[in-house]
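First up is the structure itself, then whatever we jot down about it.
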Amino acid sequence: MIKKISVDQLKPDMYVSDLNCDWIPHHNYQKEGRIPDQSIVDEIRRRGIREVYIDTSRGLDVGDNALTAAEVERANQQALDKAATLKPDQKARNGVQEELLKANKIHTQAKGLVSNVLKDVKLGRAIDVEAFDRLADGMVDSVLRNHNALACLGRIREKDNYLLEHSINLAVLMGIFAKSLKIDRETMHQAVVGAMLHDIGKVMIPDEVLHKPGKLNDDEFAIMRNHVVFSRELLKKTPGVSELTIKVAAQHHERIDGSGYPDGLHDCDICREGKMCAIADVYDAITADRVYHKGLPPTMALKKLLEWSGTHLDQTLVHRFIRSMGIYPVGSLVKLKSQRLAVVIEASETDQRLPLVKVIYNTSSQRYLPVEIIDLSKPTTQDEILQAVDPARFGIRLNDFIA
């Protein structure tokens, strides 16, 4: 049986099935195996891990004082169901199809600009802050018109372009998050720029560490963690970069329990936008396919954020993030009551459970269907969502259907 326990309950001869630490970036240690001695328990605790999953069929049990994995999943689902009852707080001025044309242009510009600045910084050239300011303005305008369009494009991903795509996606997510919280435009703008440049320090990490497909050793992980310091120092030296933009970049790996880095800040020492960026950063990272990590479907990722909230991530802000994204975020694959599969392309303005979807596949006949767009919020619609599903289960490549 799989159980979730506190690290304080972890003992030698227990078998860890999951360190439950995808909120810690980078593949720097084995996530499964038998605990040989107390030194490994101490090492797990030192890394900021608070709770793990153990397999009692392969090692020592903890007794009855622990939740089973099934009970944890039920609790996470109940929390998500509760969030689903909240009315969406995002309003769109334009239709998603109309905004996609503008958003696609902005997204293309962003890829070009971020790609160029990554090369420039590596060569010691200055960051063109004015170009990022113009791009952030365009992103903010698009998010305010219809946040679903850029969110759609953010789900089109290629494994080999993670650093580039992650920087752009995080900026979009920060814009959507800030809009939901009704943050003023100037603060929203500065947060978006900070998110776009948050990983700029990674260009100073040696390629053999940055792109290593396997486990990082302790020395390599220490080098990798330095990217946040490099980002902060680069931005501090760049004229025209606001203090808030620097904080967003510098604090995206801090955690409210003090287990983050580079400064081990606690809750009250992290600014609101830094906490927001931490949540959005974890969400985007765990939904992406990496060399060492299979991305989670968006709805499953939201449940993991709920599980980690209150310890590593700010609980109130996690709930607000979920409300801003909807329980079926744009780009999710869902199974309908009709046994068809559909991609979520726009959130409903009245009910999170009733988004606009693009029907693409019939699970009964195991065949693709002519694409059909259905608004599940309309009273005349006969279908409804049963559950979110993993595209890999059906061999579906979502990139071909999102935008």
Side-chain angles (χ1 to χ4, degrees), residues 1-76 159 162 205-206 208-227 253 255 257-261 264 281-283 285-297 300-301 303-313 390 392-393:
M1 179 181 289
I2 306 298
K3 293 183 178 180
K4 181 180 177 181
I5 66 169
S6 163
V7 168
D8 293 334
Q9 297 172 286
L10 191 61
K11 299 176 182 178
D13 289 330
M14 286 183 172
Y15 189 94
V16 174
S17 61
D18 183 358
L19 282 173
N20 194 33
C21 62
D22 283 343
W23 53 269
I24 302 178
H26 313 303
H27 184 64
N28 62 303
Y29 40 78
Q30 188 173 330
K31 294 187 177 182
E32 180 178 347
R34 186 179 296 276
I35 300 295
D37 53 50
Q38 184 60 37
S39 67
I40 300 301
V41 176
D42 295 338
E43 175 65 14
I44 290 171
R45 183 182 288 110
R46 186 182 70 79
R47 291 188 182 275
I49 297 169
R50 302 289 183 254
E51 296 171 316
V52 301
Y53 287 91
I54 61 169
D55 187 341
T56 61
S57 70
R58 304 174 73 177
L60 288 181
D61 198 349
V62 71
D64 297 329
N65 189 25
L67 294 174
T68 66
E71 288 170 333
V72 174
E73 170 59 23
R74 280 197 294 273
N76 289 341
K159 191 184 297 183
Y162 176 76
I205 303 296
E208 59 270 23
V209 174
L210 184 62
H211 300 300
K212 184 177 179 179
K215 172 183 172 183
L216 300 182
N217 62 38
D218 287 347
D219 290 340
E220 291 167 336
F221 186 56
I223 291 170
M224 181 69 83
R225 284 163 57 119
N226 278 335
H227 82 271
H253 282 310
R255 300 293 180 255
D257 61 357
S259 64
Y261 61 87
D281 179 68
V282 169
Y283 172 80
I286 65 177
T287 54
D289 285 337
R290 307 288 300 277
V291 173
Y292 53 81
H293 174 268
K294 174 70 173 69
L296 296 175
M300 188 179 296
K303 287 191 278 189
K304 294 305 290 185
L305 291 183
L306 286 166
E307 185 175 340
W308 297 325
S309 68
T311 50
H312 308 298
L313 305 172
D390 187 346
R393 177 180 163 193

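- Residue Lys294 holds its NZ atom at 4.5 Å from CG of Asp289, rounded to the nearest 0.5 Å.
- The salt bridge (Lys or Arg N to Asp or Glu O under 4.0 Å) contacts involving residues 2-12 comprise Lys3-Asp61, Lys4-Glu51, Lys4-Glu307, Asp8-Arg45, where partners must be two or more places apart or lie in separate chains.
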Does the side-chain contact (heavy atoms from CB on, under 4.5 Å) test come out yes or no for Lys212 and Val209, once each step is laid out? CA-CA 5 Å; Lys212 184 177 179 179; Val209 174; 5.8 Å; no
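- At least one side-chain heavy atom of Ile286 sits less than 4.5 Å from a side-chain heavy atom of Trp308.
- Residues forming a side chain to side chain contact (heavy atoms under 4.5 Å, CB included) with Ser309 (at least two apart in sequence, or on another chain): Gln315, Val318.
- Heavy-atom minimum distance, Ser259 versus Gly48: CB-CA, 3.6 Å.
- Just one of Gln9, Met14, Met1 meets the side chain to side chain contact (heavy atoms under 4.5 Å, CB included) condition when paired with Ile54; it is Met14.
- Exactly one residue among Thr287, Asn20, Asn76 makes a side chain to side chain donor-acceptor pair (under 3.5 Å) with Lys304. That residue is Asn20.
- A 4.5 Å side-chain heavy-atom check between Arg225 and His253 finds every atom pair outside the cut-off.
- We find the NE2-CG distance between His312 and Leu305 to be 12.0 Å, quoted to the nearest 0.5 Å.
- Among all heavy-atom pairs drawn from Pro36 and Pro12, the shortest one is O-CB, 4.1 Å.
- Partners of Glu73 under the salt bridge (Lys or Arg N to Asp or Glu O under 4.0 Å) rule, at least two apart in sequence or in another chain, are Lys303.
- From Arg46, atom CZ reaches atom CD1 of Ile40 across 11.0 Å, with rounding to the nearest 0.5 Å.
- Of all heavy-atom pairs spanning Tyr162 and Ala288, the tightest one is CE1-CB, 3.7 Å.
- Counting heavy atoms of neighbouring residues, nucleotides and ligands inside a 6.0 Å radius, atom CG of Asp37 exceeds 12 of them.
- For the atom pair NE2 of His211 and CD1 of Ile205, the computed distance is 10.5 Å after rounding to the nearest 0.5 Å.
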Could you go through the side-chain contact (heavy atoms from CB on, under 4.5 Å) check for Ile44 and Ile35 one step at a time? CA-CA 10 Å; Ile44 290 171; Ile35 300 295; 3.9 Å; yes
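- Although no hydrogens or angles enter the test, the distance criterion places a donor-acceptor pair under 3.5 Å between the side chain of Arg34 and the main chain of Arg58.
- Separating the OG1 atom in Thr311 from the CD1 atom in Ile49 is a distance of 12.0 Å, to the nearest 0.5 Å.
- We find the CG-CG distance between Leu67 and Asp64 to be 11.5 Å, quoted to the nearest 0.5 Å.
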